[in-house]
Each structure stands twice: as structure tokens, then as C-alpha cells.
Chemist: 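Handing you a structure now.
No hydrogens, no waters, no symmetry mates; every other heavy atom, side chains included, goes into these values.
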Amino acid sequence: TFPMKLWLLVNSPCVDSVRWDARGEGLFIDQGLFEQELLGVGPSAAGEEELFKTKNFGSIVRQLNLYGFHKLAASPTSSAVGSRPRPATAGGDTSYADGPLHHFWNPYFRFGRPDLLVKIRRLTRANKEKLDAGLAVTSRLPDDLQ
């Protein structure tokens, strides 16, 4: 599922374009780096199997919105280095420089809490009706996280 892919990316030491925020309660996505690293856009794009079936960053944002992620204002005071700081790059700079920095938040997407991922549901019409009626909407965790 999309939230599972996002969880694996933000926790991967090999991915630089997606990071936890300072509190581990949201994630930062560097659009330029994300497009190069994961959407196969640009000169340094790797010829790997596509993780997302799109090369359009707007489609990724739509998926985030469909799964209940909200965009927050990325302020200079909210550190892009999260609960699990990344090693500095060769130049010693840990900030983003490749493109717009997007900050997304979902109440069930938390550092160290893969158990909460089952609560993240795609906002279909049926699920929206359930939520509006105050009913719980959950999904099953993949077997490797149970």
C-alpha cells in the first residue's frame, strides 16, 4: 500500500529525499531530490523498477491527500533532521537544496510506530461516509509487520 511504501522510504538509510521531521510526527519530502531518486526524473535517475507508477510529483501529493496526509507550512525553524538523524553529506551539509521542501502530517504516521499504519485508509467515498458517521476505518497490516 502507499502508506507502507512511504514508511519503508522514510526509514531507509538509502533514501535521502524523504525524512522524518524533528519530532518524528511528520515527514519532509524534498521534491527535486524525490523526483530524481524515486520517480526517475532527471539526469541522475537510476534505471530501477518503478516504486511508484508515475513520474509526476503532483500524483504523489494526491496519493498523500487520499490517505489523509495534510500539508504543513515548512518553516525554517522546523528541522529536517528527524528522530533518526542522517549522516552529513560529503560537503557536511544536511539541509535540502534540490527543490521545494514539503512537510506532511498524518496522525497515524509516527516514527517507531508501524502498528499505527493500519489506521491509515484511502479516503474512498465509503470510507469518508464511515468517518463522517464516527465509525472506525482500519486495514490489515502486512504480515511482516504484525
Chemist: List the atom of Glu37, the atom of Asp16, and the distance in Å for their closest heavy-atom pair.
Modeler: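 In this case the closest contact between Glu37 and Asp16 is OE2-N, 2.9 Å.
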Chemist: Flag the pair Arg23 and Asp21 as a salt bridge only when some basic side-chain nitrogen lies within less than 4.0 angstrom of an acidic carboxylate oxygen.
Modeler: no
Chemist: Using atom types as modelled, flag every donor-acceptor pair under 3.5 Å from a side chain in residues 56-71 to any protein atom, sequence neighbours excluded.
Modeler:
from  : atom 1 : to     : atom 2 : distance (Å)
Asn56 : OD1    : Gly58  : N      : 2.7
Ser59 : OG     : Arg62  : NH2    : 3.1
Asn65 : ND2    : Val61  : O      : 3.3
Lys71 : NZ     : His102 : ND1    : 2.7

Chemist: Output the distance between atom SG (Cys14) and atom CG (Leu8), rounded to the nearest 0.5 Å.
Modeler: 12.0 Å
Chemist: Just wondering, do Leu101 and Ile29 contact through their side chains at under 4.5 Å, heavy atoms?
Modeler: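 Sidechains of Leu101 and Ile29: no contact.
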Chemist: When the ring centroid of Trp20 is compared with that of Trp105, is the distance short of 6.0 Å?
Modeler: no
Chemist: Roughly how far apart are Arg19 CZ and Asp30 CG, rounded to 0.5 Å?
Modeler: 8.0 Å
Chemist: Which label fits Phe109 and Trp7: parallel for a plane angle under 30°, tilted from 30 to 60°, or perpendicular past 60°?
Modeler: perpendicular
Chemist: Would you check, one step at a time, whether the test side chain to side chain contact (heavy atoms under 4.5 Å, CB included) holds for Phe111 with Val10?
Modeler: CA-CA 9 Å; Phe111 180 79; Val10 75; over 6 Å; no
Chemist: To the nearest 0.5 Å, how far apart are OG1 in Thr54 and CG in Leu38?
Modeler: 12.0 Å
Chemist: So Phe28 and Phe104, do their side chains get closer than 4.5 Å, heavy atoms only?
Modeler: no
Chemist: Nearest 0.5 Å, please: how far is NZ in Lys119 from CG in Leu117?
Modeler: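 One finds 11.5 Å between CG of Leu117 and NZ of Lys119.
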Chemist: For Tyr108, look at atom OH and say whether over 12 heavy atoms of other residues, nucleotides or ligands are found less than 6.0 Å away.
Modeler: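 No.
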Chemist: Sub-3.5 Å donor-acceptor pair from the side chain of Arg110 to the main-chain atoms of Asn106, do we have one?
Modeler: yes
Chemist: Taking C-beta and beyond as the side chain, do Lys5 and Thr1 meet within less than 4.5 Å on heavy atoms?
Modeler: no
